[in-house]
Number of protein chains: 2
Amino acid sequence: MKISDLAKRCGLSAHTLRYYERIGLLPYADRDRSGQRDYDASILSWIEFLGRLKTTGMPIRDMLLYAKLAGSGKATFSERREMLEEHRERVRAHVADLEACLRVLDGKIASYGEAEERMRDDKRNNANTPARART
Amino acid sequence: MKISDLAKRCGLSAHTLRYYERIGLLPYADRDRSGQRDYDASILSWIEFLGRLKTTGMPIRDMLLYAKLAGSGKATFSERREMLEEHRERVRAHVADLEACLRVLDGKIASYGEAEERMRDDKRNNANTPARART
DNA sequence: TCTTGACTTAGAGTGCGCTCGAAGCCGTAG
DNA sequence: CTACGGCTTCGAGCGCACTCTAAGTCAAGA
């Protein structure tokens with residue numbers, strides 16, 4: 001598979017794939033006789049997992065550490081598990097944060113909705129009541 | 001309230017507070033007779049709300065638009081509500097993504113745990129069984 | 001044969017969100 | 001009076017994660 005094919009399949013640009021290889025996030029890809037990268041489809045599952053780490057906010061330097069451990073075989077299973085467990089906790093905490101934020105947004109949206117409602121009422125009644133406090 | 005007091009209370013640095021004022025995310029603060037910013041405590045709730053937007057990944061340019069609308073009174077209630085509704089949808093989608101990632105992490109962690117378990121068993125049995133496929 | 005287009009490399013540039021430094025002013029404690 | 005800490009402004013610098021450019025190579029199709 002050429003780099004542009006892999007790019008299409010994994011949703012990263014060819015630029016980004018080369019960048020990831022350069023920094024060590026992707027293993028050095030085999031080159032064909034004209035020097036072009038020729039990827040094995042098995043790289044896709046690794047890229048997909050990296051995408052999960054990225055989505056969940058893991059910085060590249062941590063992904064690099066994980067990648068290095070993953071290249072060292074069975075001896076690093078427990079270290080990798082611990083990394084992922086710590087990361088999972090951070091992600092869970094972040095999700096909890098986001099859910100709290102969502103509740104705040106819900107409240108704010110509702111209060112705008114109610115304010116708009118009142119404004120429509122005022123208009124319909126053509127009443128000259130004093131302005132209400134903003135929220 | 002001086003900038004360092006506000007910084008302590010809201011968790012942003014004085015540098016960041018000045019930066020936010022400079023770009024228009026915070027209203028221009030009153031200065032005392034020696035030119036130093038003197039904040040009213042009411043700024044705290046606005047900063048807290050900005051923090052919610054930031055936590056949920058809203059870029060500063062969008063916060064700036066929201067801030068501009070919020071400075072324009074009642075006429076922009078519906079526009080602000082629509083902004084927040086769209087943002088809320090993005091956040092909900094992101095939370096769903098994160099939850100999918102958490103399930104992947106759970107699976108990965110479990111498989112490391114099982115592999116470690118098997119390695120301990122193998123050691124205890126002192127058996128020279130062939131290596132298993134890595135996951 | 002010539003053109004086209006995708007690939008290669010090293011390295012520069014971009015956008016975001018801060019973060020810091022320099023130089024100078026102000027008010028209070030000693 | 002002086003020293004000190006904290007404030008001011010403006011602008012430069014930083015860390016991250018790409019993103020793009022330039023110059024060149026290569027293989028296949030007209």
Side-chain angles (χ1 to χ4, degrees), chain A residues 1-40 43 46-68 87 90-91 94 97 101, chain B residues 1-40 43 46-68 87 90-91 94 97 101:
Chain A
M1 199 180 357
K2 290 211 181 160
I3 198 168
S4 59
D5 301 324
L6 179 59
K8 266 165 220 147
R9 287 212 203 181
C10 74
L12 298 174
S13 71
H15 281 306
T16 301
L17 289 169
R18 288 190 206 100
Y19 165 70
Y20 279 2
E21 180 184 302
R22 205 157 68 203
I23 65 173
L25 211 46
L26 294 181
Y28 185 84
D30 291 340
R31 306 299 203 263
D32 67 16
R33 69 198 176 298
S34 77
Q36 299 190 359
R37 288 168 183 81
D38 192 8
Y39 290 99
D40 186 294
I43 197 74
W46 174 240
I47 292 174
E48 196 196 338
F49 185 64
L50 287 180
R52 299 290 188 177
L53 296 180
K54 183 184 159 188
T55 294
T56 50
M58 183 182 283
I60 281 185
R61 63 180 172 281
D62 292 359
M63 293 191 217
L64 280 175
L65 172 56
Y66 184 85
K68 192 177 153 235
H87 183 59
R90 284 189 295 269
V91 177
H94 184 52
D97 264 17
C101 289
Chain B
M1 198 182 355
K2 291 214 182 159
I3 198 166
S4 60
D5 302 323
L6 179 59
K8 266 165 218 144
R9 287 213 203 179
C10 74
L12 299 174
S13 71
H15 280 306
T16 301
L17 289 169
R18 287 190 207 100
Y19 165 69
Y20 279 2
E21 179 183 303
R22 205 158 66 203
I23 65 174
L25 212 45
L26 294 180
Y28 185 84
D30 290 340
R31 307 298 204 261
D32 68 15
R33 70 200 177 296
S34 78
Q36 298 189 0
R37 288 170 183 80
D38 192 8
Y39 291 98
D40 185 293
I43 197 75
W46 173 240
I47 292 174
E48 196 197 337
F49 185 64
L50 287 179
R52 299 291 188 176
L53 296 181
K54 182 184 159 187
T55 295
T56 50
M58 184 183 282
I60 282 186
R61 62 178 173 281
D62 292 359
M63 293 190 216
L64 281 175
L65 172 56
Y66 184 85
K68 193 178 153 233
H87 183 58
R90 284 189 293 269
V91 177
H94 184 52
D97 263 18
C101 290

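In what follows, every chain begins at residue 1, and chains take the letters A, B, ... in the order their sequences are listed.
- Within the 4.0 Å cut-off from OP1 or OP2 of D/dT8, at least one side-chain nitrogen or oxygen of B/Arg18 is found.
- More than 12 heavy-atom neighbours from other residues, nucleotides or ligands sit within 6.0 angstrom of CZ on B/Arg31.
- Atom NZ of A/Lys2 and atom P of D/dT25 are 18 Å apart (whole Å).
- Contact annotation for B/Ser13: no contact, since no heavy-atom pair falls under 4.0 Å across all strands.
- For the segment residues 56-64 of chain B, residues with any heavy atom less than 4.0 angstrom from an atom of DNA chain C are, sorted by number, B/Pro59, B/Ile60, B/Arg61.
- Between the A/Asp38 side chain and the A/Met1 main chain, a donor and an acceptor come within less than 3.5 Å of each other.
- Side-chain N or O atoms of A/Thr56 include one that pairs as donor or acceptor with a backbone N or O of A/Arg52 at under 3.5 Å.
- Per the geometry, CD1 belonging to A/Ile3 stands 13 Å off C1' belonging to D/dT19, to the nearest Å.
- Atom CZ of B/Arg22 is separated from atom C1' of D/dA12 by 11 Å (rounded to the nearest Å).
- In terms of phosphate contacts, B/Tyr20 brings no side-chain nitrogen or oxygen within less than 4.0 Å of OP1 or OP2 of C/dG17.
- Between the CD atom of B/Glu21 and the P atom of D/dC10 there is a distance of 11 Å, rounded to whole Å.
- Between B/Pro27 and B/Ile43 the shortest side-chain heavy-atom distance falls below 4.5 Å.
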With salt bridge (Lys or Arg N to Asp or Glu O under 4.0 Å) as the test, would you mind laying out the steps for B/Lys54 and B/Glu48 before giving the verdict? CA-CA 10 Å; B/Lys54 182 184 159 187; B/Glu48 196 197 337; over 6 Å; no
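- In this entry the distance linking CG of B/Leu6 with P of D/dT8 reads 11 Å, nearest Å.
- The backbone N or O of A/Leu12 sits nowhere less than 3.5 Å from a side-chain atom of A/Thr16 that would complete a donor-acceptor pair.
- Using a 4.0 Å cut-off on heavy atoms, the residues of residues 23-37 of chain A that approach DNA chain C are A/Arg31, A/Gly35, A/Gln36, A/Arg37, listed by number.
- When all heavy atoms of B/Ala29 and B/Arg37 are compared, the pair lying nearest together is CB-CG, 3.9 Å.
- Every side-chain contact (heavy atoms from CB on, under 4.5 Å) that A/Asp32 has, sequence neighbours left out, goes to A/Ser34, A/Gln36.
- Going from atom CG of A/Leu17 over to atom C1' of C/dC7 covers 13 Å, rounded to whole Å.
- Between C/dG17 and B/Thr16, no contact under 4.0 Å exists linking OP1 or OP2 to a side-chain N or O.
- The B/Tyr19 side chain lies nearest to C/dC18 when the options are D/dC7, C/dC18, D/dC18.
- The main-chain N or O of B/Leu25 is found under 3.5 Å from a side-chain atom of B/Trp46 such that the two form a donor-acceptor pair.
- Going from atom CG of B/Leu12 over to atom P of C/dC18 covers 8 Å, rounded to whole Å.
- Looking at the side chain of A/His15, the nearest of the listed nucleotides D/dC20, D/dA12, D/dT9 is D/dC20.
- Between A/Lys54 and D/dA17 there is no side-chain polar atom (N or O) within less than 4.0 angstrom of OP1 or OP2.
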